[in-house]
Amino acid sequence: MLKLSFMTLISMMLMLNNKWILEMTLLLAIIFLMKIGKVPILKIRGMRMVLSASLFLFVIQIVFTQTGKPLFSLLKFQLTDIGLQRGLLISTRFTAIIFTGFLFVFITNPNNLIYSLMQVGISHRIGFSLITALRLITIFQIEIEKIYYSSLFKGVTYEIFPVKTFFRNLTNFFKLIFISIFEKVDALVRALEGRAFNSTNKRTYFREIEFTNKDLSLLILGIGIFIIFIMWIYGVV
Amino acid sequence: MLLIKDLTFKFLDATRPIIDGINLKVEKGDFILVTGDSGSGKTTLAQAIGGFLFSSDKGEICGEVLFKDESLREYSLADISQKIFLVQQNPDNQFCTLMVQDEIAFGLENQGISPNEIQERIDYALKSVHASELLKRDLRTLSGGEKQKVAIATALAMRPEVIILDEPTAFLDNPSIAQLTEILQELIKHKEITLIVIEHKYHEFLRFHPKVFSLENGNLKLLALENLDSFPYFKLIETSIGLKEHYLKKVVEFENVNIYRNEKRILQIEELNVREGDFVSLTGKNGSGKTTLLYGLLGLTPINGKKTFVLNKEYSDSRELGKTGQAGIVFQNPNHQFFTESVVDEINYPIDNYGRDIINRSDWLTKLLRKFGLDHHKNTHPIKLSYGQKKRLSVASVLSFQPKLLLLDEIFIGQSIKESVFLLKLILTYVVEFSAAVILVNHIPNLVNSYVNRTVFLEDGSVAFDGSPEEINSGRFLFGYGSHVKGENART
């Protein structure tokens, strides 16, 4: 819960701020936290895409923002100070928000998160929907892999042409995936019913995710920093 | 304690009931074993006794299941689960949470039991299955044996009076089966729990003197214990070792090869050659890398080192090898492998995809369907076949395009000994007839070793043994399978 609160506060700080230097400082702080949290930054799947998108946003901003003092010009292209600042602000904000998400995902045990959400009042129906979804994702990955391999070694190529064959192969593939999903869901429903799920309103919780004094202190500190930050960017202090 | 009266269940689209007027009386502390061919209705019976079918929309149910003289129809499933608990065949299908501790607590929390009592029950349940060390583990990291222990612990924590285990050994290696039988022995000893075990490999449990029933044509038939063998060891089939020695051509050649899964090295293989005419039993404990080896052989997972796939040609990836039709793979679950609307289309599907020119195709397919006992179901939808028929079709549809290398991944799960032998003989015939190489992943070496000419045993990420089944059976290489590989005595 503490991590979720921090993620929300950081995201709000990133969205409310309009100074690229502060945005950059926040990004560096997030990268520092990722390092502390041993997040394998460069090995994250999709990282190249995130950085490419960030660069694309930067280029779009400097190309299309023509207001401000010219810093550099080449043929019809003119780089202005406002364009550069906007480019840095938007691309840094985008990267920082995505990195905040990565940080949260990598250092948070989803199971603990869902149990703590249920502890603070989220319905157990929603909570266990999320938990069973997390369970099924891994199972489905394996099942889908097997269906794909099975088709591959029966001569299915999934080449787009001829289109008719491609759609036939795709339909067959998805048909098997749906059968697999129905099988698993059927077994899961049996498991839930056989364990008295949702049979009483007096459900108890064995596991308590403790909210310690340390957590409270960190939360107060985080909110304090957030308030000072907001007051500062709006010129109150 | 439990009285089953004229119990009948018919699936909606079936022509006849799968269980048909079953009567059975079960006393407290009884140990009941139910066996029978795949598709005979054992799981349906288990679900009926567990109360799952009384509210099911999958078919019609008649008759009664009485628990202490009260009909289960009167109870909700939540109430029944405190009296009768069904442990499903595949523990993965049963788990509702992510951690061992949460999983055992789950049912108890749903019943509104206090955290202190839940703690006591978790401790008791895990201790009963000798798995206290698993308490904080993530379920996804457990081996097959550990998962089965947790599934049973989950049942014990609910403190039911009857526990039904649906094929508890299906996904287990031999050491895990040995541990499971020990656990069951302790449960039976005090006669506090009534156990109903659905099992093909029932021979492991005969020493506990259960009442053994065979489910045949929808009815239970009591089998006399003294007439049941321990394990039906088979005499070595002459044709398996008489595969005209080795043919010379290597189908697969591995030298100093590393095989990876999810960027982690799973197997390190110094040397592994598979030749034409090899029928290899690939075995090892749960998690030893058997499936990874199959994936490595097909180029489905990263691999480095000197490797030659299928007759001296190296393929850059699985797509390229897949396109050749030189290799085929059959997975455990047949439902994942049917792409068409009828049995005959399924058999033709890969041949057409490959554009394979099969000599006398029509004769070959007729022969194949007949051999696999599917000739009367040519136009049936694969999904409508019985489980045993589906298994046979999944193998037949891969044999149809006559691959040189055939990989079979745990195809005997859910199959009776009789059905497994039936498939083994067909595969052996294929090896001899087409000089093919077959690698068969399995957990029943004491059966399979009678048909293969080679056994490869994986342990600690490498090939621990590669030789003839006679050497394994002589007791020189037991690898934790000691209590199950009984040695030469087994053959007498």
Side-chain angles (χ1 to χ4, degrees), chain A residues 43 109-112 114-115 124 128 131-132 134-135 138-139 142-159 165 168-169 171-173 175-177 179-180 182-184 186-208, chain B residues 47 50 52 76-78 80-82 85-86 88 90 92-99 101-102 105-115 118-119 122 139-140 154 158 295 298 300 318-319 322-323 325 327-329 331 333 335-340 349-350 352-354 383 397-398 401 403:
Chain A
K43 286 186 180 172
N109 177 331
N111 202 38
N112 287 350
I114 297 166
Y115 271 91
H124 68 276
F128 282 103
I131 288 174
T132 48
L134 281 172
R135 263 204 64 70
T138 328
I139 293 172
I142 297 167
E143 304 262 306
I144 290 168
E145 187 182 79
K146 287 194 172 164
I147 293 168
Y148 175 67
Y149 291 160
S150 179
S151 67
L152 215 57
F153 283 88
K154 279 189 174 177
V156 179
T157 56
Y158 297 106
E159 281 164 3
T165 312
R168 186 198 65 178
N169 291 337
T171 310
N172 289 337
F173 180 68
K175 188 178 72 187
L176 289 186
I177 289 174
I179 290 173
S180 167
F182 289 137
E183 271 181 7
K184 295 290 169 197
D186 192 40
L188 183 66
V189 167
R190 213 163 30 244
L192 289 168
E193 285 180 336
R195 311 269 287 284
F197 183 67
N198 214 19
S199 62
T200 168
N201 291 327
K202 293 175 193 162
R203 191 178 200 282
T204 52
Y205 290 91
F206 169 66
R207 184 140 65 118
E208 257 186 51
Chain B
Q47 288 177 5
F52 288 94
S76 68
L77 273 170
I80 295 172
S81 67
Q82 293 171 54
F85 193 98
L86 170 65
Q88 298 188 43
N90 183 352
D92 265 328
N93 287 347
Q94 180 181 310
F95 296 149
C96 305
T97 65
L98 300 171
M99 311 291 291
Q101 174 183 268
D102 298 338
F106 181 70
L108 307 174
E109 291 173 325
N110 289 332
Q111 290 173 2
I113 291 170
S114 72
I118 293 177
Q119 179 70 65
I122 291 174
L139 287 165
R140 292 166 293 189
T154 304
M158 299 282 276
Y295 281 13
L298 295 179
L300 297 169
S318 54
R319 279 170 175 264
K323 280 179 191 170
I329 185 162
F331 291 109
N333 186 347
N335 289 338
H336 291 166
Q337 298 161 74
F338 300 141
F339 296 87
T340 64
Y349 185 64
D352 293 336
N353 283 339
Y354 286 125
I383 292 297
S397 69
V398 173
F401 63 92

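These values consider heavy atoms only, across backbone and side chains, with no hydrogens, waters or symmetry-generated copies. Proteins come first, then strands; the chains are lettered A, B, ... in the order of their sequence lines, and each starts at number 1. Here the structure is a predicted model, which is why all the values come from computation and not from measurement.
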Under a 4.5 Å heavy-atom cut-off, does chain B meet the side chain of [X], its backbone, both or neither?
X: A:T171; result: neither
X: A:L176; result: side chain
X: A:E208; result: neither
X: A:N201; result: neither
X: A:K175; result: side chain
X: A:F128; result: side chain

Side-chain heavy atoms of A:K184 within contact of B:N90, under 4.5 Å: yes
Heavy-atom check, side chain of A:I147 versus side chain of B:H336, under 4.5 Å: yes
Has the side chain of [X] got a donor or acceptor atom that lies under 3.5 Å from a matching backbone atom of [Y]?
X: A:K154; Y: B:S397; value: no
X: B:R140; Y: A:T138; value: no
X: A:T204; Y: B:P115; value: no
X: A:R135; Y: B:D92; value: yes

Nearest 0.5 Å, please: how far is [atom2] in [Y] from [atom1] in [X]?
X: A:Y149; Y: B:L298; atom1: OH; atom2: CG; result: 9.5 Å
X: A:K202; Y: B:Q111; atom1: NZ; atom2: CD; result: 12.5 Å
X: A:R168; Y: B:T340; atom1: CZ; atom2: OG1; result: 9.5 Å
X: B:N353; Y: A:N169; atom1: CG; atom2: CG; result: 6.5 Å

Verdict with supporting geometry, B:L300 and A:F153, side-chain contact (heavy atoms from CB on, under 4.5 Å): CA-CA 11 Å; B:L300 297 169; A:F153 283 88; 3.9 Å; yes
Heavy-atom pair with the smallest gap, counting every atom of A:A191 and B:Q88: N-NE2, 3.7 Å
Taking every non-hydrogen pair under 4.5 Å, which of [options] racks up the most with chain B?
options: A:L192, A:I177, A:I114, A:I139; value: A:L192
options: A:E183, A:R190, A:H124; value: A:R190
options: A:D186, A:N172, A:T200, A:N198; value: A:N172
options: A:I131, A:N111, A:T132; value: A:N111

